[in-house]
Amino acid sequence: MISVSALNTLKFDQALCTGCGICVDVCPHGVFALNRRVIHVVRADACMECGACQVNCPFGAIQVDSGVGCAAAMIRAALIRKNQVTCS
Amino acid sequence: MAEAAESIVRPTTSTLTWADRWDHFLARWAVNRRGHRVAPGLYALGNPTADSPVFVTANYTLSFDALRSALTGMDGYILALDTQGINVWCAAGKGTFGTDELVRRIEATGLKNVVRHRTLILPQLGAPGVAAHQVRKQSGFKVEYGPVRAADLPAYLKTHEATPAMRRVRFTLRDRLVLIPVEVVVALLPTLIAAVIGFFVGGLVTAAAIIAAILAGVALFPILLPWLPTHAFSTKGFILGGIVALPFALTVFLGNPNTALWLRVVGALTYLLALPPVTAFLALNFTGSTTFTSRTGVRREMFAYIPVMAWTFGIGIVLAIAHASIRILGGA
Ligand code: SF4
Ligand code: SF4
């Protein structure tokens, strides 16, 4: 697994990837692109850690520490010392 | 849980009534937040046959209605998952729009006996909660991710291929505008309290400045988001807050020519220090409403800017109290 951006936790392992292309379909920020059955991480910095790619990759080639990028939820979680962060 | 009532297919239409629109309006204004639901289960749109497509959505009225109104003139089935009245994206993040609920709902509705094919069309924004390969393994149904926006469905259905544009989230002015009412409603009571306190400490100008700073954060900020300079929400908020506080600071500075200069400077500084961090904090909170801020990014922003907000706000408040006491004691 190789980290692809300094701005987020997205990691990708080319060796596990079969080029099935599901990650291209589910990503709402165009992070992946498929070119001749090979996946390229083209907009790594745009990843907002929604987790859709990791959840849907059938071959475990993607890892991301997913969660909501919501300050209010994180502050609430920090205040009540809870690790689970969800939006209300 | 296979509830007997769910094995029926309920009829629905693509037409939105005035009652639907009223419900959407109330949902946007955060009235009865969890109450905007349709019953989970299977719906028949038009006159579907065993070969008609099946669309999956959340049981939040805004999600359900966006889907059915986008499918005007088409026949198909709608499978509404029980997301407890929460939209697809947020429910997918929580996992209620998820693999388990989808598989359960397929069973509970007897979908296999209703359609001959084994394909489901899901909204792309449901993907964080649904593992397509797991759904196939557990239910036999193949998940096909449709476009982000229901409005793109007619174009998508012609080829079952989404263009890159259909796959991208946008955050248009309209998308941002519809979020404002909720923000305003949530801020209403704290704003009133703060304005009343401000009125007794500093008079009408102070009360107006407080209201302006908060409104800037909850209403002006979402509108101006793409045009504010800098990248971080906090710094954008500071800039906007500074601009909004400026007229009030100038009013205090220029409006009392008979007061000592240093007192006027302190008075003006109070506004410039105490108010922008309020706007910035509300701006930072708006990250929760967007679809492009990552958790890592927001966490970094919180560590970097919340201390700055706390300090400037604290100093501003101390100055305000000092300024008010001097005025009262000095009789100026
Ligand atoms: S979903 Fe996984 S295996 Fe398929 S193309 Fe993407 S990374 Fe590769
Ligand atoms: S986590 Fe979400 S935004 Fe990031 S690459 Fe995966 S699908 Fe795209």
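Side chains included, hydrogens not; waters and symmetry mates left out as well; all remaining heavy atoms used. Keep in mind it's a predicted model, so treat the numbers as computed, not measured. Reminder, nothing fancy here: chain letters follow the sequence lines and each chain counts from 1.
Proximity to chain A is absent for every atom of A162(B), based on heavy atoms less than 4.5 angstrom apart. For V130(B), the part sitting under 4.5 Å from any heavy atom of chain A is the backbone (N, CA, C, O) and nothing else. Only the side chain of R300(B) comes within contact range of chain A, judged by heavy atoms closer than 4.5 Å. Residue L122(B): no heavy atom, backbone or side chain, is found under 4.5 Å from chain A. Using a 4.5 Å cut-off between heavy atoms, F281(B) touches chain A through its side chain atoms alone.
Contacts between residues 54-64 of chain A and chain B, defined by a heavy-atom separation under 4.5 Å, are made by V55(A), N56(A), C57(A), P58(A). Identified by a heavy-atom distance below 4.5 Å to chain B, the contributing residues of residues 34-45 of chain A are R43(A), in residue-number order. Within residues 6-15 of chain A, the residues that have a heavy atom under 4.5 Å from a heavy atom of chain B are A6(A), L7(A), N8(A), T9(A), listed by number.
Of the possible polar contacts, one joining the E49(A) side chain to the R295(B) backbone as a donor-acceptor pair under 3.5 Å is found.
For the pair C47(A) and S294(B), the tightest heavy-atom approach, listed with the atom from each and the gap, is O-CB, 3.7 Å. Scanning all heavy atoms of the two residues, the minimum distance from C50(A) to P128(B) falls at O-CB, 3.4 Å. Counting all heavy atoms, side chain and backbone alike, V26(A) lies closest to Q124(B) at O-NE2, 3.0 Å.
A ring pair (Phe, Tyr, Trp, His ring centres under 6.0 Å) check over residues 152-181 of chain B, counting only residues at least two apart or in different chains, returns the pairs Y156(B)-H160(B), F171(B)-F292(B).
Heavy atoms of other residues, nucleotides or ligands lying less than 6.0 angstrom from CD1 of I2(A) number 12 at most.
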